[in-house]
Amino acid sequence: MEEFDKGIVPLPEAFYEQPTLELAKALLGCILVKETNEGIAAGFIVETEAYMGPSDRAAHSYNNRRTPRTEVMFQRSGLAYTYLMHTHCLFNVVSGSEEKPEAVLIRALEPIYGIGLMIKRRGIEDQSKLTNGPGKLTKSLGISMEDYGRPLTIPPLYVAQGFCPESISAGKRIGIENSGDAKDYPWRFWVTNNKFVSRHQSAIHVFYNSTDI
DNA sequence: CCCCGGATAATCT
DNA sequence: GATTATCCGGGGT
């Protein structure tokens, strides 16, 4: 399509086969790309949340709840799980093996490419606010319910290798106050000190590249 | 702090 | 069929 495509290779299916909490950290620093006929938009993933399936009260698949909406969570890992919340589309990466309905919510990006297109789609200029939230990043990239179930290993929606964070912070997940004890689990991950995260929060744990990641 | 949009699904009557 | 809640964001008080 354009020069940005060349040299950017989608990560293989095997990347998505690691355990969900590992995948949620491994996705940090990766590049998320969406191609549409309006153009290409891409950003570094800088914030994620793990949703651990039937035992996780905050997950849509809690108690193996299987509906048309959650169906893709029960499929193989590496597919897109998009859903609508109020007026916004949220984007998750399906993880876990078949019949293990786990997922990683992508909560924030650092814009890399197609910033003009993001500005047009969002109707704002401030680059630090284009993709610093799960609903904002889908609007900036043009991710919609048409992407539901798409494999993330091929265009038009894919994940490619980016940078390896020096440090990853972990804290409580956002927006799940009514999920009992699950609200306190440290399953939100972000690139330490990155200014494009959706909100600032004190870390419960910090992982360093040289030792833990 | 509050309000509200408006898709999906569970829980009621 | 009606009501309620939700992995959110923008705008007002």
Side-chain angles (χ1 to χ4, degrees), chain A residues 20-21 23-25 27-28 32 34 41 43 45-75 77 79-96 100-111 118-149 152 157 159 169-191 195-201 203-204:
Chain A
T20 296
L21 290 173
L23 181 62
K25 288 185 280 184
L27 282 165
L28 295 175
L32 178 63
K34 177 69 197 280
I45 296 169
V46 298
E47 179 182 344
T48 60
E49 282 178 1
Y51 285 86
M52 298 299 285
S55 62
D56 180 1
R57 246 185 96 169
H60 291 160
S61 53
Y62 178 59
N63 275 343
N64 274 309
R65 179 191 294 161
R66 193 165 187 160
T67 68
R69 180 174 70 158
T70 62
E71 175 58 32
V72 76
M73 291 184 76
F74 290 80
Q75 307 304 316
S77 58
L79 305 179
Y81 170 39
T82 51
Y83 72 92
L84 295 173
M85 183 199 176
H86 296 278
T87 55
H88 309 286
C89 181
L90 273 60
F91 167 66
N92 298 251
V93 175
V94 174
S95 61
K100 286 191 61 184
E102 302 173 6
V104 177
L105 172 66
I106 307 302
R107 286 195 55 90
L109 305 178
E110 177 176 336
M118 296 186 198
I119 289 170
K120 176 186 160 197
R121 283 169 169 158
R122 291 267 292 119
I124 62 165
E125 298 267 339
D126 186 346
Q127 279 197 37
S128 69
K129 294 184 168 60
L130 286 174
T131 54
N132 64 333
K136 297 177 188 179
L137 73 90
T138 58
K139 190 168 180 182
S140 283
L141 266 60
I143 294 171
S144 71
M145 290 309 294
E146 293 191 359
D147 294 305
Y148 183 92
L152 297 171
L157 178 61
V159 175
S169 298
K172 297 179 184 181
R173 295 174 291 179
I174 305 295
I176 55 162
E177 291 306 304
N178 293 337
S179 299
D181 292 340
K183 74 176 170 49
D184 295 323
Y185 299 164
W187 291 344
R188 173 181 180 235
F189 303 99
W190 65 95
V191 176
K195 69 174 183 176
F196 295 91
V197 297
S198 65
R199 71 175 72 179
H200 295 288
Q201 179 192 54
I204 296 172

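Chain identifiers are assigned alphabetically (A, B, ...) following the order of the sequence lines, protein sequences preceding nucleic acid strands; residue numbering begins at 1 within each chain. Worth saying up front: this structure is predicted, and the values here are computed from it rather than measured.
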Check: Which nucleotide in the set C/dC8, C/dG9, C/dC7 lies at the smallest distance from any side-chain heavy atom of A/Ile176?
Finding: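 Looking only at side-chain atoms, A/Ile176 lies closest to C/dC7.
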Checklist line | Residue A/Asn92, side-chain atoms from C-beta onward, closest of C/dT6, C/dC8, C/dC7 | finding: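 That would be C/dC7.
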Could you check if a side-chain atom of [X] sits within less than 4.5 angstrom of a side-chain atom of [Y], using non-hydrogen atoms only?
{"X": "A/Phe91", "Y": "A/Asp147", "result": "no"}
{"X": "A/Trp187", "Y": "A/Ile176", "result": "no"}
{"X": "A/Pro111", "Y": "A/Phe196", "result": "yes"}
{"X": "A/Trp190", "Y": "A/Arg107", "result": "no"}
{"X": "A/Gln75", "Y": "A/Val94", "result": "no"}

What is the nucleic acid contact for [X], judged by heavy atoms within less than 4.0 Å: base, sugar-phosphate only, or nothing?
{"X": "A/Arg173", "result": "nothing"}
{"X": "A/Arg57", "result": "nothing"}
{"X": "A/Leu105", "result": "base"}
{"X": "A/Thr87", "result": "base"}
{"X": "A/Lys139", "result": "nothing"}

What is the minimum heavy-atom distance between [X] and [Y], and which atoms define it?
{"X": "A/Arg122", "Y": "A/Ser140", "answer": "CG-OG, 3.0 Å"}
{"X": "A/Val93", "Y": "A/Leu27", "answer": "CG2-CD1, 4.2 Å"}
{"X": "A/Glu47", "Y": "A/Arg199", "answer": "OE1-N, 4.4 Å"}

Notebook entry, point to check: Is the ring of A/His60 stacked on the base of C/dC7, with centres less than 5.5 Å apart and planes under 30° off?
Noted result: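 Stacking between A/His60 and C/dC7: present.
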What is the distance, rounded to the nearest whole Å, between atom [atom1] of [X] and atom [atom2] of [N]?
{"X": "A/Lys183", "N": "C/dT6", "atom1": "NZ", "atom2": "C1'", "value": "17 Å"}
{"X": "A/His86", "N": "C/dA5", "atom1": "NE2", "atom2": "C1'", "value": "8 Å"}
{"X": "A/His88", "N": "C/dC8", "atom1": "NE2", "atom2": "P", "value": "9 Å"}
{"X": "A/Ile174", "N": "C/dG9", "atom1": "CD1", "atom2": "C1'", "value": "14 Å"}
{"X": "A/Lys129", "N": "C/dG11", "atom1": "NZ", "atom2": "P", "value": "12 Å"}
{"X": "A/Asn132", "N": "C/dC8", "atom1": "CG", "atom2": "C1'", "value": "12 Å"}

Checklist line | Value rounded to 0.5 Å, distance of CG in A/Asp56 from CG in A/Asn63 | finding: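 The CG atom of A/Asn63 is 11.0 Å from CG of A/Asp56, to the nearest 0.5 Å.
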Notebook entry, point to check: At what distance, to the nearest 0.5 angstrom, does OG1 of A/Thr67 lie from CZ of A/Arg65?
Noted result: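 Reported value, rounded in 0.5 Å steps: 7.5 Å.
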Margin query: Given a 3.5 Å cut-off on both pairing distances, which stems involving DNA chain C, each at least three consecutive Watson-Crick or G-U pairs, are present, if any?
Written below: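 The stems that DNA chain C takes part in, listed by first number, are B:1-5 with C:8-12, B:7-12 with C:1-6.
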Notebook entry, point to check: Does OP1 or OP2 of C/dG10 have a side-chain N or O of A/Lys136 closer than 4.0 Å?
Noted result: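 For C/dG10, OP1/OP2 do have a side-chain N/O of A/Lys136 under 4.0 Å.
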Notebook entry, point to check: Closer than 4.0 Å, any side-chain N/O of A/Asn178 to the OP1 or OP2 of C/dT6?
Noted result: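 Yes, A/Asn178 has a side-chain N/O under 4.0 Å of OP1/OP2 on C/dT6.
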Notebook entry, point to check: First and last nucleotide of DNA chain B in contact with chain A, 5' to 3', at under 4.0 Å to a heavy atom: what are they?
Noted result: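 For DNA chain B, the relevant span reads B/dG5 to B/dA10.
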Check: If each of A/Arg122 and A/Glu49 is mapped to the nucleotide of DNA chain C with the nearest heavy atom, which maps nearer the 5' terminus, i.e. the 5' end?
Finding: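 Closest to the 5' end, via its nearest nucleotide, is A/Glu49.
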